[in-house]
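Working notes for the structure below.
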Amino acid sequence: MAVALRPQQLNKTIFYSLITFTIMSTTPRYKSYQRIEQLPQLVGEKVTLNGWVANKTGKGKLLFIVLRDGTGICQCVVFKPNSEEIFETAKSLTLESSVQITGTVRSDERSPGGFDIDVEELRVFQLAKDYPITPKDHGVDFLMTNRHLWLRSTRQHAIMRIRASVVKAIRDFFDGNGFTLVDSPILTPAACEGTSTLFETKYFDLGSAYLSQSGQLYAEASAMAQGRVYTFGPTFRAERSKTRRHLTEFWMVEPEMAFFDLNDDMDLAEEFVEYIVQYVLKTRQQELKALDRDITKLEKVRRPFHRMSYTEAVEWLNNNNVKLDKKQPDGSTIQIDFPWGEDFGAPQEEAIMEQFEKPCIIHRYPSEVKAFYMKRDPDNPKVAMAMDMLAPEGAGEIIGGSQREDNIELLEERIKEHDLPMESFEWYLDLRRYGSVPHSGFGLGLERTVKWISGAEHIREVAPFPRMLYRIAP
RNA sequence: UCCUGAGUAGCUCAGCUGGUUAGAGCAUCUGACUGUUAAUCAGAGGGUCCGGGGUUCAAGUCCCUGCUCAGGAGCCA
């Protein structure tokens with residue numbers, strides 16, 4: 001019989017020797033230097049740090065070098081009378097020069113990182129010449145052109161760490177809840193949803209291939225094999241979108257669950273998003289602080305979230321006098337009551353979310369405006385069993401999902417209605433021929449989630465090298 | 001694709017109804033300063049005013065055109 005051993009249950013000696021063994025066997029070659037995040041444990045000791053010059057100030061015979069090494073910042077102090085040679089070298093240092101500094105750690109309130117190092121040895125790896133990004137204001141275009149360097153700044157560093165934590169939370173959540181990771185293909189033969197514009201590329205003698213805009217159909221097939229699966233990877237949309245919440249290449253995580261109805265789907269989405277937000281709060285306090293993020297807003301992201309049907313949302317819009325701008329044939333615009341059947345745009349979503357401090361799920365949209373694979377509500381065939389999750393603070397849609405159509409006749413009808421090539425979907429129809437079951441899933445946009453949690457103004461800040469309509473480099 | 005706005009020093013910007021040799025702050029270089037936090041002080045260098053065409057005695061400024069970028073819409077995660 002298998003017994004799960006937790007560390008507390010192990011004999012202490014064995015446990016600690018295991019840890020020692022692990023560290024000894026994997027990290028000895030890293031012991032030639034320390035990292036700034038270790039400094040609190042190294043006060044009074046002589047350490048060697050490797051890093052880059054983040055800032056340099058001084059006053060007469062005293063020089064302060066703010067060193068960053070990726071794990072934090074540390075102020076290194078050089079005093080001329082101690083060593084003329086080191087002082088001259090330190091004086092010649094420029095922004096972002098790479099150096100190795102050896103010295104003794106001292107706790108000091110006046111230091112930006114809380115710790116000072118009195119420099120005893122200074123080695124220059126390379127002297128940077130005219131680093132373009134200064135500690136002053138810069139425009140977006142300039143920063144985007146220098147994205148490869150911009151990533152070194154405090155703010156971008158913090159965002160990338162939060163992104164990494166969101167990714168980890170996503171994987172932990174599904175891995176720990178009985179889901180199997182399944183990688184869907186990136187090169188696909190045709191459109192998944194049949195609507196979006198796709199990036200096209202040549203594929204040997206087989207004609208064209210397209211970069212995937214969703215792994216969903218493959219996730220559905222895999223869910224019939226594994227029960228509960230998720231795919232997580234890059235997706236591509238060749239839409240000419242130019243807003244602060246669109247990228248042409250972004251990461252999306254798509255869970256797909258056999259035997260889940262729409263309510264199960266929404267419950268999972270809530271639990272999932274709550275987990276991500278709380279995980280980041282727990283593990284990235286420092287980074288959220290560096291970003292000046294109001295964490296009291298994130299602390300409120302606890303279940304249950306708000307929920308309303310599309311029909312209720314339309315009623316709310318009309319009761320609250322949120323009008324729809326309608327273009328007339330003569331070019332003028334008039335304001336009308338929001339008509340049932342029209343899809344929500346950004347103004348409607350923003351108006352609805354203004355009243356909420358945590359996410360809201362809107363469900364049962366008109367089937368006309370939703371994708372072909374979404375199941376219609378048995379109680380009202382005019383609406384699809386679809387749901388979107390909107391995040392507060394103007395973050396907008398972060399999740400789109402649905403219960404899938406599991407009846408083969410109805411699915412074939414939808415494919416015809418949407419004018420999609422039936423033969424391309426034969427394999428997908430097989431899933432309804434051989435043991436079809438009710439099933440559901442959703443997709444969560446990684447960058448939109450990170451943008452919301454980090455409080456970034458623009459989605460381009462939360463991808464290390466964002467791909468946008470008018471920018472593909474660096 | 002549509003609507004709106006912008007392009008002046010390495011960076012961020014000012015430059016009025018067209019009028020001497022186009023300015024400031026930061027950055028760079030030189031010097032001063034023993035606790036700086038975007039240090040301060042003194043001095044120096046730094047310009048294809050996005051490209052092309054036009055109007056004018058005279059264009060950074062006005063007109064046309066091209067390019068680049070930004071914000072928004074639609075589509076969506």
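All values derive from a computational prediction rather than experimental measurement. Convention: sequence-line order gives letters A, B, ...; per-chain numbering from 1.
The separation of B:A6 from B:C50, taken at their C1' atoms, amounts to 11 Å, rounded to a whole angstrom. Taking atom C1' on both nucleotides, B:G47 is separated from B:G10 by 12 Å, rounded to a whole Å. Straight-line distance between the P atoms of B:U8 and B:C62: roughly 15 Å, to the nearest whole Å.
Annotation: A:Gln38, atom CD; neighbour count of heavy atoms from other residues, nucleotides and ligands within 6.0 Å is above 12.
Residues A:Lys168 and A:Asp172 are paired through a salt bridge, judged by an N-O separation under 4.0 Å between the basic side chain and the carboxylate. By the 4.0 Å N-to-carboxylate-O rule, A:Glu312 lies too far from A:Arg307 to be salt-bridged with it. Salt-bridge formation is detected for the pair A:Glu461/A:Arg155: a Lys NZ or Arg NE/NH1/NH2 atom is positioned less than 4.0 Å from an Asp or Glu carboxylate oxygen.
The side chain of A:Asp130 sits closest to B:U28 out of B:G74, B:A77, B:U28. For A:Lys61, whose side chain is taken as the heavy atoms from C-beta onward, the closest listed nucleotide among B:U34, B:A77, B:G71 is B:U34. Closest to the A:Arg471 side chain, of the nucleotides B:A73, B:G35, B:C69, is B:C69.
With values rounded to the nearest 0.5 angstrom, A:Asn263 atom CG is found 10.5 Å from A:Met387 atom CE.
A donor-acceptor pair shorter than 3.5 Å can be found between the side chains of A:Gln216 and A:Tyr373.
Using a 4.0 Å heavy-atom cutoff across all strands shown, A:Asp108 reaches at least one base atom of the nucleic acid.
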Grab the N/O contacts between the protein and nucleotides 36-42 of chain B below 3.5 Å, and write none if there aren't any.
from	atom 1	to	atom 2	distance (Å)
B:U36	O2'	A:Thr57	OG1	3.0
B:U36	O2	A:Thr57	OG1	2.5
B:U36	N3	A:Gln75	OE1	2.8
B:U36	N3	A:Gln75	NE2	3.3
B:U36	O4	A:Gln75	OE1	3.4
B:U36	O4	A:Gln75	NE2	2.7
B:U36	O4	A:Arg110	O	2.9
B:U37	N3	A:Arg110	O	2.9
B:U37	O4	A:Arg110	O	3.2
B:A38	N3	A:Lys136	NZ	2.3
B:A39	OP2	A:Asn55	ND2	3.0
B:A39	N7	A:Gly58	O	3.2
B:A39	N6	A:Gly58	O	3.1

